[in-house]
Novice: 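My questions will all concern the structure given below.
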Amino acid sequence: MARRPLPRVLSSGTTSLSRGRDLARTAADTATDVLHPLLTIGRGLRILASAGRRRWSGTPKDKRGPALFLGAACVLVVALVPYGPLLALITLMAAAAWQGRDRTPVKTGPSDAETERLGSLYEALVPYFSIPEDPNPLFAHGGDWDKAFSGYEFDEAGRITRLHIRYPAYFTDGETASRARIEALLHAKSGRGREYLFDWDEEGNQLDLSVLAALPTGIAAQPFVTSPGETVLGFTDAGGVQRTLPVLEGDEPRDVPPVIWRTGPRSTEPHLLAVGQPGTGTSTLLRSVALQALRHGGDVLIVDGGGSGDYSCLSGRAGVLAVECGPTGAQATLEWAAQETERRLIATHRARESGRPAPEDTRRPLWILLDQPSVLAHLSVAEGGPDPLAQLQVPLRHGRPAHVTVVVAEHFDHLELLNDAVWQHTRARIVLGPAGIQQIADVLGLPPHTTPTAQMPPGRGYARLGAGPVHRLQVPATPDPYDEATNAVYRQAVLELLPDRQQGPGRSPGKPLHALPPAQGSAVDASQIPEVPAEAP
């Protein structure tokens, strides 16, 4: 019996079936594209109808009658208005199209590249946050990074800008060396060239890493809104201090958080030490302090050990007692400052014994600014003379009740030449320019909570006042106004803040300054010191 052949449709194989499925799929896609507006409007009408039904169900029964009457009145008004029905239909279609638009949820979570970066960072932290005895380790090779990283943010380049890390309780987060290892690793893995802030929460075993924005460098010297006894050292991050100052950055007013140093008899940090490398802004800081001291009516003595002439703009100005650049002048000036401190203390003590207020001249602030004093000390010792820095012991030890403030600026290479009195009594410290974490910690007493960068603008560094926290710092631009290589706008700002020239030698009229006779064997020339008899008791 002969076999009957199969139907042609079945014998032709899957070619015809696949072609038919492709044609049907193409037709469906084309119809979807053509009918997409109608589908969107239909979906919107369904959403509006559902919303109206829910609203009607939620309306109390006693208010449904007035609602129906109000709706009928609106329909009647629309029907009577010219082109009213057409406008109502257009409005209804637009509302339906808006409600029925495609609301595809925005993709959340990291991308593939960001996931790979987080996984790499997790694997790098495993040797530091895990021990073999842990039965359920939070950090393990091949583990899930999302259990340890509960929050993260990335910039446009795919680099981490914020990261929240949970770490085991047995990690020694109270040891500085352990923290430093983690911070160095995160700095290297998250991207160099940026400054990171590390916020350790020992109680919760959590670490927050965030990228800090650059501090403003366009704020020039200007009359800051401060009280007498307050000196603006620079500006810092908003979360570091609880105060802001109105300033002008260029021509734009803004409020910035300042680092304010308070001096005077009630100050806990009466003297300041600034350390940096050449070109990092220590001279800029001293000029800024001098201008603010002169603005508040203080007397200023300047000893320029570098002899660069950066303070020549202050020579002969009202309130500037002297600007010395040589070892002989520095020795005489500092010896006079020590005697002036003693005189103020004696006059204040006698006034208090007699029940009278301290004389006015003893309450006038006296500022002693020394830039690179180790150079003058070396030259003086090489010439067989005494060390000028030895004369600083009296102003440093007893300057606070006598309204005497000492500011010393020195380079890292010459710190060992500073005597113990400077290190002991300068409780306000500043480090400017690029420096290692250990160098910063040696000067400030604490390492910064951020990662110092290799490149810093002039005047950029860290500050610590006494036992307080370490702040990032940007000193206001205060260049030498006679240096034509600097910004002309900044130079003009400094010139506007300079006091007027004195009328003749000595001090400006109306501001007497007493001086004690020079001690036995002193190098001070009494004829060069203005002497005014003290007031009768």
Novice: Below 4.0 angstrom, N of the basic side chain to O of the carboxylate: do E340 and R343 qualify?
Specialist: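 The answer is yes: the pair qualifies as a salt bridge.
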Novice: Under a 3.5 Å threshold, yes or no: a donor from one side chain and an acceptor from the other, between T236 and Q474?
Specialist: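 The answer is no; no qualifying pair exists.
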Novice: Is any NZ, NE, NH1 or NH2 atom of the basic residue among R350 and E353 found under 4.0 Å from an Asp or Glu carboxylate oxygen of the other?
Specialist: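 Looking at R350 and E353, the cut-off is not met.
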Novice: Quick one: do D483 and R491 make a salt bridge, cutoff under 4.0 Å?
Specialist: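 Salt bridge flag = no for R491 with D483.
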Novice: Who are the side chain to side chain contact (heavy atoms under 4.5 Å, CB included) partners of L163, not counting sequence neighbours?
Specialist: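 L118, L121, F149, Y152, I160, I165, L209.
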Novice: For residues 222-232, which side-chain N or O atoms pair as donor and acceptor with protein atoms under 3.5 Å away, sequence neighbours left out?
Specialist:
{"unit_1": "Q222", "atom_1": "OE1", "unit_2": "L248", "atom_2": "N", "d": "3.0"}
{"unit_1": "Q222", "atom_1": "NE2", "unit_2": "A220", "atom_2": "O", "d": "3.0"}
{"unit_1": "Q222", "atom_1": "NE2", "unit_2": "L248", "atom_2": "O", "d": "3.1"}
{"unit_1": "T226", "atom_1": "OG1", "unit_2": "H296", "atom_2": "NE2", "d": "3.3"}
{"unit_1": "E230", "atom_1": "OE1", "unit_2": "S227", "atom_2": "N", "d": "3.2"}
{"unit_1": "E230", "atom_1": "OE1", "unit_2": "R243", "atom_2": "NH1", "d": "3.4"}
{"unit_1": "E230", "atom_1": "OE1", "unit_2": "R243", "atom_2": "NH2", "d": "3.3"}
{"unit_1": "E230", "atom_1": "OE2", "unit_2": "R243", "atom_2": "NH1", "d": "3.4"}

Novice: Side chains of T450 and E195: do they bring a donor and an acceptor to under 3.5 Å?
Specialist: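 Indeed, the side chains of T450 and E195 share at least one donor-acceptor pair under 3.5 Å.
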Novice: Check this for me, if you would: do D371 and R287 make a salt bridge, where the nitrogen-to-carboxylate-oxygen distance has to be below 4.0 angstrom?
Specialist: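 Salt bridge absent between D371 and R287.
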Novice: Are the charged groups of E175 and R181 less than 4.0 angstrom apart, N to O?
Specialist: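 Not counted as a salt bridge, because no side-chain N and carboxylate O are separated by less than 4.0 Å.
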Novice: Distance check, rounded to the nearest 0.5 Å: L207 atom CG versus R166 atom CZ?
Specialist: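 Output value for this atom pair is 13.0 Å.
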Novice: Could you go through L369 and L301, starting from their C-alpha distance and side-chain angles, then the distance that decides it, and tell me whether this counts as side-chain contact (heavy atoms from CB on, under 4.5 Å)?
Specialist: CA-CA 6 Å; L369 310 182; L301 282 173; over 6 Å; no
Novice: Pairs of donor and acceptor atoms involving the side chains of residues 390-407, under 3.5 Å and at least two apart or interchain, shall be tabulated with distances.
Specialist:
{"unit_1": "R400", "atom_1": "NH1", "unit_2": "S267", "atom_2": "O", "d": "2.8"}

Novice: Just by distance, no angles: are the side chains of W200 and E183 close enough, under 3.5 Å, to form a donor-acceptor pair?
Specialist: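 Looking only at side-chain atoms, E183 and W200 do form a donor-acceptor pair, the distance falling under 3.5 Å.
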Novice: Does a donor on one side chain sit under 3.5 Å from an acceptor on the other, for T172 and S178?
Specialist: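 Present: a donor and an acceptor within the cut-off.
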Novice: Side chains of H414 and Q372 only: does a donor on one sit below 3.5 Å from an acceptor on the other?
Specialist: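 No, because no side-chain N or O of H414 sits under 3.5 Å from a partner of the opposite role on Q372.
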Novice: Hey, mind stepping through T478 and L291 against side-chain contact (heavy atoms from CB on, under 4.5 Å) and telling me if it holds?
Specialist: CA-CA 9 Å; T478 316; L291 291 176; 3.7 Å; yes
Novice: If you take all heavy atoms of Y462 and P452, which pair is closest and at what distance?
Specialist: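 Minimum heavy-atom contact is OH-CA, 3.5 Å.
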